[in-house]
Asker: 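Here it is, the structure in full.
Excluded from the calculations below are hydrogen atoms, water molecules and symmetry mates; all remaining heavy atoms, backbone and side chain alike, are included. The structure displayed is predicted, hence computed values, not measured ones.
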Amino acid sequence: SEIVADGEHLWQTDSLEEGRRQERKRGIKTTEQLYRTQISSRGRTNHSIGVAAAINYPERDLPVPPYTLGAWLGDGLSAGARLFSADPQVLDGIRNEGVLVGVGHSDKRGNQALSYSIGRDKRGGNDRSNPILDRLRGLNVIKNKHIPDLYLRASIEQRLSLIRGLMDTDGGLYIHKHTVNKIPYRNIGLCFGSASFPLICSVATILKKFNIEPHISKDKRKIYLYS
């Protein structure tokens, strides 16, 4: 959809105040004023319009706790209930949801990440004894990483927990470099990366439910969030 407005139409926007901190201030401006001041002196988008609140679905009975699923989607073995991690806080996040985490062992990748079973606390054994693996299969995410529809329509807090799991494993910061009027600028943004394009697409979908507009990279392996 689109809106056609003349130059004198009035808009309520949040605009950057020029200064050391460049804080946003709400005010009324005409279409012509917005057009002439689209970019701030530091290369940032100058004006924004408030968006609707995040979609608030009811809390769902989720077969795999949301943070655990997010962490597995980020750094889990696609074919099983295993997680590769060098971050004890990620493992604690999974344990805090009541999911068993096994003893880590080297995955022979030549880095600090260890391989952990999730859903049971011992190495070996029959996969059929692992309830988390059974639930991952039931969600159709084994060898098919994506965010299931049930999680896309979970409560705000459940969706946030899933996003935390994703970002704690395969998320990070990056520098957004661009130029305005031949002047270079650098802004810090967030990104999430995955070799699974269906996962990238479903991460974009869950972010849009928070009225966040993500940017997918040309190689379809990363999502960028920046202002």
Side-chain angles (χ1 to χ4, degrees), residues 59-148 150-152 154-174 188-196 198-200 202-207 210 212 214 221-225:
E59 186 170 318
R60 308 293 186 184
D61 183 13
L62 302 176
V64 177
Y67 182 89
T68 299
L69 180 64
W72 178 83
L73 288 171
D75 272 347
L77 177 67
S78 179
R82 304 198 69 81
L83 183 77
F84 303 101
S85 180
D87 189 344
Q89 292 184 345
V90 171
L91 303 176
D92 287 342
I94 294 172
R95 294 187 183 102
N96 289 340
E97 291 188 319
V99 176
L100 296 175
V101 178
V103 177
H105 65 278
S106 174
D107 64 352
K108 299 180 181 180
R109 295 184 179 187
N111 56 34
Q112 295 181 340
L114 299 179
S115 173
Y116 297 86
S117 65
I118 53 175
R120 62 184 182 204
D121 56 6
K122 295 181 180 179
R123 287 184 60 184
N126 195 314
D127 281 346
R128 287 177 295 181
S129 65
N130 187 337
I132 291 296
L133 180 59
D134 292 339
R135 294 168 190 172
L136 291 172
R137 286 172 174 156
L139 290 168
N140 191 32
V141 292
I142 292 294
K143 296 184 179 180
N144 180 31
K145 283 191 175 184
H146 66 283
I147 301 174
L150 178 63
Y151 290 75
L152 294 175
S155 70
I156 288 176
E157 185 53 44
Q158 287 175 319
R159 299 199 312 271
L160 284 174
S161 292
L162 188 145
I163 291 171
R164 291 186 191 107
L166 289 164
M167 295 302 294
D168 283 353
T169 50
D170 270 354
L173 296 175
Y174 81 104
I188 296 177
L190 297 174
C191 68
F192 173 81
S194 174
S196 168
L199 177 57
I200 288 289
S202 55
V203 171
T205 298
I206 201 170
L207 290 173
F210 286 96
I212 298 172
R221 289 175 175 263
K222 286 188 177 180
I223 282 183
Y224 297 107
L225 306 176

Asker: Under the 3.5 angstrom rule, does the side chain of Asn96 hit a backbone N or O of Asp92 as a donor-acceptor pair?
Answerer: yes
Asker: Report yes if some heavy atom in the side chain of Pro66 is under 4.5 Å from a heavy atom in the side chain of Glu97; otherwise report no.
Answerer: yes
Asker: As an exercise, state the distance from CG of Asp75 to OG of Ser194, rounded to the nearest 0.5 Å.
Answerer: 9.5 Å
Asker: Does Val203 reach the side chain of Pro214, with side-chain heavy atoms less than 4.5 Å apart?
Answerer: no
Asker: Please report the shortest heavy-atom distance between Gly76 and Leu83, naming the atom on each side.
Answerer: N-CD1, 3.9 Å
Asker: Could you measure the distance from the CD1 atom of Ile163 to the CZ atom of Phe210? Nearest 0.5 Å is fine.
Answerer: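 So the gap between those two atoms works out to 4.5 Å.
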Asker: Would you compute the distance between atom CG of Leu77 and atom OG of Ser115 and round it to the nearest 0.5 angstrom?
Answerer: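 Rounded to the nearest 0.5 Å, the CG-OG separation comes to 7.5 Å.
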Asker: Between Gly119 and Pro131, what is the shortest heavy-atom contact and its length?
Answerer: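 Minimum heavy-atom separation between Gly119 and Pro131: O-CD, 3.8 Å.
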Asker: Got a second to check how far Ile147's CD1 is from Arg159's CZ, nearest 0.5 Å?
Answerer: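 One gets 10.5 Å once the value is rounded to the nearest 0.5 Å.
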Asker: Can you tell me how far CG of Leu152 sits from CD1 of Ile206, rounded to the nearest 0.5 angstrom?
Answerer: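 Between Ile206 CD1 and Leu152 CG, I get 5.5 Å after rounding to 0.5 Å.
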Asker: Kindly determine whether Ile142 and Leu133 satisfy side chain to side chain contact (heavy atoms under 4.5 Å, CB included), including the steps that lead there.
Answerer: CA-CA 9 Å; Ile142 292 294; Leu133 180 59; 3.8 Å; yes
Asker: Just do the side chain to side chain contact (heavy atoms under 4.5 Å, CB included) check on Lys222 and Tyr174 with the steps written out, would you?
Answerer: CA-CA 11 Å; Lys222 286 188 177 180; Tyr174 81 104; over 6 Å; no
Asker: Please report the C-alpha distance between Trp72 and Val141 in whole Å, then the side-chain angles of each, then the deciding distance to 0.1 Å, and finally whether the side chain to side chain contact (heavy atoms under 4.5 Å, CB included) criterion is met.
Answerer: CA-CA 10 Å; Trp72 178 83; Val141 292; 3.7 Å; yes
Asker: Check whether Ser196 reaches the backbone of Lys145 with its side chain - one donor and one acceptor, N or O, closer than 3.5 Å.
Answerer: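 The answer is yes, because a donor-acceptor pair under 3.5 Å joins these two groups.
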Asker: Carefully, step by step, assess Thr169 and Phe84 under the rule side chain to side chain contact (heavy atoms under 4.5 Å, CB included).
Answerer: CA-CA 9 Å; Thr169 50; Phe84 303 101; over 6 Å; no
Asker: Could you tell me whether a side-chain N or O of Asn130 sits under 3.5 Å from a main-chain N or O of Ile118, the two making a donor and an acceptor?
Answerer: yes
Asker: Supply the atom-to-atom distance Arg82 CZ to His105 NE2, rounded to the nearest 0.5 angstrom.
Answerer: 4.5 Å
Asker: Would a 4.5 Å heavy-atom cut-off, applied to side chains only, mark Leu69 and Leu62 as touching?
Answerer: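 Leu69 vs Leu62: side chains apart.
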Asker: Around atom CZ of Arg60, are there more than 12 heavy atoms of other residues, nucleotides or ligands at under 6.0 Å?
Answerer: yes
Asker: List the atom of Phe192, the atom of Leu199, and the distance in Å for their closest heavy-atom pair.
Answerer: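 That would be CZ-CD2, 4.1 Å.
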Asker: Side chains of Leu136 and Ile132: closer than 4.5 Å at any heavy-atom pair?
Answerer: yes
Asker: How close do Leu91 and Ser85 get, heavy atom to heavy atom, and via which atoms?
Answerer: CD2-CB, 4.4 Å
Asker: So which atom in Val99 and which in Pro65 form the shortest heavy-atom distance, rounded to 0.1 Å?
Answerer: CG2-CG, 3.8 Å
Asker: Would you say that Leu150 contacts Asp61 through its side chain, given a criterion of any heavy-atom pair below 4.5 Å between the two side chains?
Answerer: no
Asker: Just by modelled atom types, is the Val64 backbone N or O under 3.5 Å from a matching donor or acceptor in the Tyr151 side chain?
Answerer: yes
Asker: Please find the pair of heavy atoms, one from Val90 and one from Ala71, that lie closest to each other, and give the distance.
Answerer: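 Shortest heavy-atom separation between Val90 and Ala71 comes out as CG1-CB, 4.1 Å.
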Asker: Check whether any side-chain heavy atom of Leu207 sits under 4.5 Å from a side-chain heavy atom of Ile223, and report yes or no.
Answerer: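 Heavy-atom side-chain distance check passes, below 4.5 Å.
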